[in-house]
Structure formats: C-alpha cells, structure tokens
Number of protein chains: 4
Amino acid sequence: MANETVDDIEGEQLRQLIERIERLEEEKSVLAEHVREVYAEAKSGGFDPKIIRKVIRLRKMDPRDIDEEETLIQVYMQALGME
Amino acid sequence: MANETVDDIEGEQLRQLIERIERLEEEKSVLAEHVREVYAEAKSGGFDPKIIRKVIRLRKMDPRDIDEEETLIQVYMQALGME
Amino acid sequence: MANETVDDIEGEQLRQLIERIERLEEEKSVLAEHVREVYAEAKSGGFDPKIIRKVIRLRKMDPRDIDEEETLIQVYMQALGME
Amino acid sequence: MANETVDDIEGEQLRQLIERIERLEEEKSVLAEHVREVYAEAKSGGFDPKIIRKVIRLRKMDPRDIDEEETLIQVYMQALGME
DNA sequence: GATGCGCTTTAAATGC
DNA sequence: GCATTTAAAGCGCATC
C-alpha cells in the first residue's frame, strides 16, 4: 500500500539488517558444526584435539613472535629460579 | 614413492585434518567480518547494536520460555520488595 | 650476601610481584567457591540460580538504564512486527 | 511480627542468599582491582604483563603435564614437517 | 597520555 | 563428567 510511514521504512531497514545477521550467524553455525566433526574425526583417529588446537594457534602466529615469547618466558622462569 | 613410513601416512592424515579445520575457520572469520560490517551499518543508520543483539537473542528463544523467565524475575523482585 | 647482581634484584622483584598476584588469585578462588556454595544452597531451597543471577545483574544496573533498554527493545520488536 | 506469610519468609531467605552473593562478589571485585594494580606496577617496572600471566599459568600446572604437552606439540609439528 | 570501544581470549555455567 | 554456550576479563586501537 502507498501510505507507508517513516516508521514502516525504518522497521523494514531494521528487519533486513537483522535477517542478514541471522543468516550469517546461521552459516557460521554450520561451519562450526563442521569444525567439531573434523575434531571428532581426528580424535577417533588417535590425535589429541587439544594439541591440534595449540598447533593451529602456533601456525597462525609469526614464528618470530613465537620465539620471542618463549625466550621471554624462559628469562622470567630463570629469574624466578624455576630453571 | 613406495617407502613411506607409517609416520608419513599419519603425518599426512594430521595435515589434512588441520588444513580442513583451518579452511573452515577461515570461512568463519570471513562471515564474522561480514557480521561486524552489518552491525557497523546498522549503527551508522541510527540503530543500537547492543539492542539489536538482544533482539536477535530473543528471536532465537521460545516465546513461552521468555514469558516464563520474565515472570520468575518479577516474582523474585517482588519477594525482594523491589517492585 | 653482598654481591647480588642487578638480575638477582630484578628476579626478586619479579618473584614478589608474582607471589602477590598468586596470593590474590587464591583468595579470589576461595570467594568464588563460596559463591558457588550459596548458589547450590539457593537451588536446594527451591530457587532458580539462573534467575537469581539475572536479578543480581539487574540490581547492579541503574534502574533508569534498565527502563531505557527495555523500552528500546520494545520499540525494535514493534518495528519488526513482533508485538 | 507474628503474621508473616510463607511468602514473606521465602522472600527473606531469597534476600539473604542474594545479599551473601553480592557481598562475596564485591570482595572478589576488590581483589581483582588489587590484581590489576600489581600488574600495572609490574608493567611500570619493565616487566611484560602478558608473559607474567603465562608464567603464572605454568606455575599452576603440573611440570609433568607441561613436558608431556610440549613433547606432543613437537611430535605433531614434525609430523607436519614444521621442524 | 589517558579513556572509551571493539575484538579476542579465558573462565564459568548450563545441559547432555 | 564432558561439551557447548555464555559471561567476563584483558588487550589493542583509535580518539581526544
């Protein structure tokens, strides 16, 4: 109909924004489910999911940063007399 | 080549599992970025992102559960003399 | 002894800082355990812990802010035709 | 007074439970604030708060578990040809 | 140089 | 008890 109010229009904008978000979140959920399945598959194949997570995190980091951080931890440990 | 060891094979399995996870996580990141963009768009359009998040959460809930929860909160509030 | 190095001193500073943090965190853990116990007690007394958490959150908020937020949610819901 | 209702009594129970929780949470907040202050002090003394957090986490772990985990990560890395 | 804001990570709580 | 989901904290950036 012709007599839409400004509120109708804003309502329509809001609806579209929300539906876009909901659609994207739904897609994220599907992917997250797939990730869980791969971890389950890895576990049943004898791999440790926890370690896999740490390895993936390390692969995302700059090797230089990894070294730097490990070195600092060692320095602090030694300063504490923890070897 | 013919003389792959069991370790090679397991390494290959591990690599494939990890790469599948990394690919899925990358896709999730892209979607998450899109979600952020929609929220930014909503904000620039005068909508409150925080409220939008609450509305989306409410839309996912069973209306019956929403009522039930609100009622209970009211009961507890009154028991506390908080109106 | 007299020949402490600067590193010894820094190590000692670091140790003291870390031990202070660990002590404070330990005290926090004890309190958190007590909180869990009170929730368990409430539950066994027939109260719903989840609702209690929400009530406590509301009690921490400025009543003015609570109203404002609820109003906005209603406005958005109506704009979406969700009643 | 004598004519309290059951609801009054339950309301009183609820109030006491909630106030105990709020009191404990308040104490936790105070301690958390102190923790933040110690980290700030450490930072101004030239220590890296992020590394301190990691060191504290390591100190809470069983050294045996730390070694085991590091070893596994190395094994996985090598299986992936990441050194 | 400090403060608010958004994102990321870590811890807790709920449900199975 | 484990796994998922949710709340909180820390961190970095961008701004004033």
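Letters A, B, ... are given to chains in the order of the sequence lines, protein chains preceding strands, and every chain is numbered from 1.
In this structure, CD1 of C:Ile51 is placed 16 Å from P of F:dT6, rounded to the nearest angstrom. Atom CG of A:Asp65 is separated from atom C1' of F:dC11 by 15 Å (rounded to the nearest Å). Rounded to an integer number of Å, the gap from CE of A:Met61 to P of E:dT8 is 16 Å. Rounded to a whole Å, the CD atom of B:Glu25 is 11 Å from the P atom of E:dT9. Rounded to whole Å, the distance from CD on C:Glu33 to C1' on E:dA12 is 13 Å. As rounded to whole Å, 13 Å separates atom C1' of E:dC5 from atom CG of B:Asp48. In this structure, CG of B:Leu31 is placed 15 Å from P of E:dC7, rounded to the nearest angstrom. B:Lys28 has its NZ atom 16 Å from the P atom of E:dC7, to the nearest Å.
OP1 or OP2 of F:dG10 has at least one side-chain nitrogen or oxygen of D:Arg36 nearer than 4.0 Å. Residue C:Arg53 places no side-chain N or O under 4.0 Å from the OP1 or OP2 atom of F:dA7. B:Arg57 has no side-chain polar atom (N or O) that falls below the 4.0 Å cut-off from OP1 or OP2 of F:dT5.
By the 6.0 Å and 45° rule, B:Arg53 stacks over the aromatic ring of B:Tyr39.
Here the nucleotide nearest the side chain of B:Lys43, chosen from E:dT14, F:dT5, E:dC5, is E:dC5.
Nearest-nucleotide assignment on DNA chain E puts the 5′-proximal partner with D:Lys54, out of D:Lys54 and C:Lys50.
Here B:Lys60 does not pair with A:Glu22 in a salt bridge; the nearest charged N to carboxylate O distance is not below 4.0 Å. For C:Lys28 and D:Glu27, the salt-bridge test fails: no basic side-chain N is under 4.0 Å from an acidic carboxylate O.
What you find for D:Val38 and C:Ile21 is that their closest heavy atoms are CG1-CG1, 3.5 Å.
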